[in-house]
S.K.: 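One structure is given below, represented as C-alpha cells, and several questions about it will come after.
Just so it is clear: chains get the letters A, B, ... in the order the sequence lines come, proteins before strands, and each one is counted from 1.
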There are 2 protein chains.
Amino acid sequence: MKRAKGFLQRIIQAIKRGPLRMTRKRERLLGALLAMDRPVSAAALRDKAGLPESDLVTVYRTLEAFEGVGIIQRIPLEESGCLFELTEPDDHHHHFVCRECHRTERLDLCLAIELEEQARKLGFTQINHLMEVYGLCEDCQPAAASGD
Amino acid sequence: MKRAKGFLQRIIQAIKRGPLRMTRKRERLLGALLAMDRPVSAAALRDKAGLPESDLVTVYRTLEAFEGVGIIQRIPLEESGCLFELTEPDDHHHHFVCRECHRTERLDLCLAIELEEQARKLGFTQINHLMEVYGLCEDCQPAAASGD
DNA sequence: AAGCATAATGAAAACGACTTTCATAACGAA
DNA sequence: TTCGTTATGAAAGTCGTTTTCATTATGCTT
Ligand SMILES: [Mn+2]
Ligand SMILES: [Mn+2]
Ligand SMILES: [Zn+2]
Ligand SMILES: [Zn+2]
C-alpha cells in the first residue's frame, strides 16, 4: 500500500462534495480498492472488501459513483468484462494484462496522445483512447507440449 | 471498392485449402465484406449481404471461420460488441471510431510494437494489443446547448 | 432527537452480444 | 450417386452488466 496518506480522506471529501453519500459499504469497497495491489473485477472486489453477502449491483453502482468522481480506471479485458482500479484523477496510464490470471503490470508510457491529435484533425471531439497489451505472464506459460 | 482484383479469388483459394467449405451464404457475406467501405457489426453485415432471413449465428460462425484464415480484423467498441473488417493477413493497423455512428477512420501508425517488446521483457508471451481511439465524428457533434 | 427529502441497497428480471447444443441440410471428394 | 464431413437454423444458454421497483439508510434541517 504505497499510497499518499491523505488520499482516502481527499476521496471521501470529493465524494461528499456532491450528492453522493459515504456509506459503510462504500467505505469498505474504497478501503479494499486502496489495499489492492492490482486491478480487480467487480466480483473479486466484493470479496476482498469482505462483503460477500452484498449484491453485485451495489459494487457496480459504487464503482460507477467513484468513476464519476474520477478515481476509478476501467481496464477492459480482451474477451469480455473488465477490471477496476483506483487512480488519481489525472493519472493516465495503460497496462500489460495476463489473459489467464489477470495479473497486470503498469505501463507508464502513453503513446496515444499524438493519435488523439490526429483524430482531432479529422473532426472528432470528445476523444479518448483504449490501449492495452495482452499476453500470458511468466506464471501462466503453457506447459510445453511434448511431441505435438 | 479500391481493392486488389484477385483478392477475392485468393481468399476463396485460402478457404478451400483447409476443411472449410465455400457456400452461397459465405460467398455473399464475403462479397458484402469486400464491398464495405468501413467495419460493420455482425447484424449489419447480414443485412448488407442481403441475407435478412439468415440466422445471426451463421454470420458469427462465418466470421470466425474467416478470422481463422487471417482475413478478418475485429475492432472492439468502447462499451460492448465489436465491428468486423476484411483485411489482408499481415495488414496490422488501428482506428478512430465514432462512438455514435461507428464511422471509422483508418490509422496506419501503430505505436504498440515497442510496448510489446516491454511486455516480452516482463516475461509475457503470446502477446498482442488493442489500441483504438474513440470520439464523436464531424457528423455526430452534439447540438450546441444554448444556455446550459 | 425527530422529521424529511434524497440517495443507497437488494432481489429479481432484463439486456445484449454472443455461444452452445442438437437435429437437419448442403457440400464436395470419390 | 454415395457418404463422411461441414454448414445451418432454432432455441436455449452464458456472462458481465444494467434496470426496475420496493425497502432502507443517510445526513441535512428543524
Ligand atoms: Mn493501472
Ligand atoms: Mn481497418
Ligand atoms: Zn493513453
Ligand atoms: Zn498495433
Side-chain angles (χ1 to χ4, degrees), chain A residues 12-32 39-47 49-69 72-85 97 99 102 130 132, chain B residues 12-32 39-47 49-69 72-85 97 99 102 130 132:
Chain A
I12 294 179
Q13 292 312 313
I15 288 170
K16 291 192 165 175
R17 201 164 301 134
L20 295 183
R21 290 173 187 176
M22 189 43 88
T23 66
R24 279 49 131 345
K25 298 200 170 184
R26 290 190 170 175
E27 270 171 17
R28 302 216 56 164
L29 289 169
L30 184 52
V40 280
S41 68
L45 176 62
R46 177 195 51 189
D47 297 345
L51 298 172
E53 76 290 349
S54 281
D55 203 296
L56 253 189
V57 301
T58 298
V59 179
Y60 281 113
R61 285 192 276 228
T62 295
L63 287 168
E64 187 183 18
F66 288 176
E67 197 172 22
V69 189
I72 287 289
Q73 182 174 353
R74 210 179 272 257
I75 298 144
L77 297 179
E78 208 178 9
E79 292 304 323
S80 79
C82 67
L83 305 179
F84 300 87
E85 168 183 61
V97 183
R99 266 191 287 275
H102 295 172
L130 190 155
E132 310 293 338
Chain B
I12 293 179
Q13 291 313 313
I15 288 171
K16 290 192 166 175
R17 201 164 299 134
L20 295 183
R21 291 173 186 174
M22 189 40 89
T23 66
R24 279 47 127 346
K25 295 199 173 184
R26 288 188 173 177
E27 271 171 18
R28 302 215 55 163
L29 290 169
L30 184 51
V40 281
S41 68
L45 177 62
R46 178 195 50 189
D47 298 344
L51 298 171
E53 77 289 352
S54 281
D55 204 294
L56 253 189
V57 302
T58 298
V59 179
Y60 281 113
R61 285 192 276 227
T62 295
L63 287 168
E64 187 183 20
F66 289 176
E67 198 173 21
V69 189
I72 287 289
Q73 182 173 351
R74 211 178 270 259
I75 297 143
L77 296 179
E78 208 177 10
E79 292 304 322
S80 80
C82 66
L83 304 179
F84 300 88
E85 168 183 59
V97 184
R99 265 191 287 274
H102 295 174
L130 189 158
E132 310 294 338

S.K.: Rounding to a whole Å, what distance do you find between B/E27:CD and D/dT8:C1'?
M.R.: 16 Å
S.K.: Expressed as a whole number of angstroms, how long is the span from A/E79:CD to D/dT14:P?
M.R.: 18 Å
S.K.: B/C82 has a side chain; which of D/dT6, C/dC18, C/dT19 sits nearest to it?
M.R.: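 For the B/C82 side chain, the nearest candidate turns out to be C/dC18.
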S.K.: Measure the spacing between CD of A/Q73 and CD of A/E67 and express it to the nearest 0.5 Å.
M.R.: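 Answer for the CD-CD pair, A/Q73 versus A/E67, is 9.5 Å.
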S.K.: Please pick, from C/dT9, C/dA12, C/dT19, the nucleotide with the shortest atom-to-atom distance to any side-chain atom of A/R26.
M.R.: C/dT9
S.K.: Sequence neighbours left out, what passes side chain to side chain donor-acceptor pair (under 3.5 Å) with A/E27? Give chain and number order.
M.R.: none
S.K.: Side chain of A/T62 only, please: which of C/dA17, D/dT8, C/dT9 is the nearest?
M.R.: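 Nearest to the side chain of A/T62 among the choices is C/dT9.
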S.K.: Would you check if B/R26 and B/I15 make a side-chain contact, meaning some heavy-atom pair closer than 4.5 Å?
M.R.: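 No, every pair of side-chain atoms sits at 4.5 Å or beyond.
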S.K.: If I take atom CD in residue B/E64 and atom P in nucleotide D/dA7, what distance separates them, rounded to the nearest angstrom?
M.R.: 10 Å
S.K.: From the list D/dT6, D/dG9, C/dT9, which nucleotide is the closest neighbour of the side chain of A/K25?
M.R.: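 The listed nucleotide nearest to A/K25's side chain is C/dT9.
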S.K.: On a heavy-atom basis, which atom in A/L83 and which in A/P39 lie closest, and how many Å separate them?
M.R.: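 Closest approach of A/L83 to A/P39: CB-CB, 3.7 Å.
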S.K.: Roughly how many Å is it from OH in A/Y60 to P in C/dA11, rounded to a whole number?
M.R.: 17 Å
S.K.: Can you give one letter per nucleotide of nucleotides 25-30 of chain D, 5' to 3': B if a protein heavy atom sits under 4.0 Å from the base, S if only from the sugar-phosphate, - if neither?
M.R.: BBS---
S.K.: What is the distance from atom NE2 of B/H102 to atom CG of B/L77, rounded to the nearest 0.5 Å?
M.R.: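 Atom-to-atom, B/H102:NE2 and B/L77:CG are 4.5 Å apart.
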S.K.: Looking at every non-hydrogen atom in both residues, tell me the closest pair between B/V69 and B/A14 and how far apart they are.
M.R.: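 Here B/V69 and B/A14 meet closest at CG1-CB, 3.7 Å.
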S.K.: Within the 4.0 Å heavy-atom criterion, would you say A/R61 contacts the bases, only the backbone, or no part of the nucleic acid?
M.R.: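 Answer is base: heavy atoms of A/R61 come under 4.0 Å of a base.
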